[in-house]
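For reference, the structure discussed in these notes is given below.
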Amino acid sequence: MANSITNSQGRSVLHIDSTDGAITLAELKATNEAAVVSADIVEMFWQTATSIVIDRGGTEVHTFTGTGHWNLGAAGAVLSGTNTADIGITVSGDSYAVIVVHKSYSGG
């Protein structure tokens, strides 16, 4: 399976099982949605054989190991980092993640 992105207005869901150095804000844009200017990682489910590393604009923000679920949005928080930067993901071993992103955009 390859990485996939499901985009809707205000939210994207990333299904990750391989490394992607730069998921751009443009890739998170849904049909008829205005330009995305910010992407906040608010929830993540993961299962790793080794690890999954998330970076924003090339700066590592967190390494995930084992199995888990973070619902940061329920706490009014987001995964730290520059939310206007690309999302980089490095997958090591047989690992998988589902990442929920809330978006802000201009003009809509």
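Because the structure is a prediction, the values reported are computed rather than measured.
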Looking at every heavy atom in both [X] and [Y], which two are closest together, and how far apart are they?
X      : Y     : result
Ala85  : Gly57 : CB-N, 3.4 Å
Thr50  : Gly93 : OG1-CA, 3.7 Å
Tyr105 : Val36 : CB-CA, 3.8 Å
Val61  : Ser80 : CG1-O, 3.1 Å
Trp46  : Gly66 : CD1-O, 3.4 Å

Can you tell me how far apart [atom1] ([X]) and [atom2] ([Y]) are? Round to the nearest 0.5 Å.
X     : Y     : atom1 : atom2 : value
Met44 : Ile16 : CE    : CD1   : 8.5 Å
Ile41 : Ser12 : CD1   : OG    : 11.0 Å
Arg11 : Leu28 : CZ    : CG    : 12.5 Å

For this session: If a pair satisfies salt bridge (Lys or Arg N to Asp or Glu O under 4.0 Å) and one of its residues is in residues 51-60, list it, with sequence neighbours excluded.
Result: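 Found none.
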Exercise. Tell me the salt bridge (Lys or Arg N to Asp or Glu O under 4.0 Å) pairs involving residues 22-42, sequence neighbours left out?
Worked result: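 Only Glu33-Lys103 qualify under salt bridge (Lys or Arg N to Asp or Glu O under 4.0 Å).
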Please table the atom pairs, donor to acceptor, closer than 3.5 Å between any side-chain atom in residues 67-79 and protein atoms at least two apart or in another chain.
residue	atom	partner	partner atom	Å
His69	NE2	Glu43	OE2	2.6
Asn71	OD1	Ala74	N	3.2

For this session: Give a yes or no on whether Phe64 and Ile87 share a hydrophobic cluster (residues Ile, Leu, Val, Met, Phe, Trp, Tyr; joining criterion: side-chain heavy atoms under 4.5 Å apart).
Result: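 In one cluster: yes.
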Exercise. If only atom types and distance count, is the side chain of Ser95 paired as donor or acceptor with the main-chain N or O of Ile52 below 3.5 Å?
Worked result: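 No, Ser95 side chain to Ile52 backbone: no donor-acceptor pair under 3.5 Å.
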For this session: Mark yes or no for whether Thr19, through its side chain, and Val91, through its backbone, hold a donor-acceptor pair below 3.5 Å.
Result: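 Between the backbone of Val91 and the side chain of Thr19 there is a qualifying donor-acceptor contact (under 3.5 Å).
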Exercise. Yes or no on side-chain contact (heavy atoms from CB on, under 4.5 Å) for Ile54 and Ile89, after CA distance, side-chain angles and deciding distance?
Worked result: CA-CA 5 Å; Ile54 305 279; Ile89 301 172; 4.0 Å; yes
For the residue pair [X] and [Y], establish whether any side-chain heavy-atom pair is separated by less than 4.5 Å.
X     : Y     : answer
Val37 : Leu25 : no
Asn3  : Ile23 : no
Asp20 : Leu14 : no

Exercise. With a 3.5 Å cut-off and no angle check, do the side chains of Thr24 and Asp86 form a donor-acceptor pair?
Worked result: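 Asp86 and Thr24 do not have a side-chain donor-acceptor pair below 3.5 Å.
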Problem set entry | Which residues share a side-chain contact (heavy atoms from CB on, under 4.5 Å) with Thr59, sequence neighbours left out |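 Per chain and number, Thr59 pairs via side-chain contact (heavy atoms from CB on, under 4.5 Å) with no residue.
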For this session: Could you list the residues that satisfy side-chain contact (heavy atoms from CB on, under 4.5 Å) with Thr65, not counting sequence neighbours?
Result: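 In terms of side-chain contact (heavy atoms from CB on, under 4.5 Å), with neighbours along the sequence ignored, Thr65 is linked to Thr48, Ser51, Thr63.
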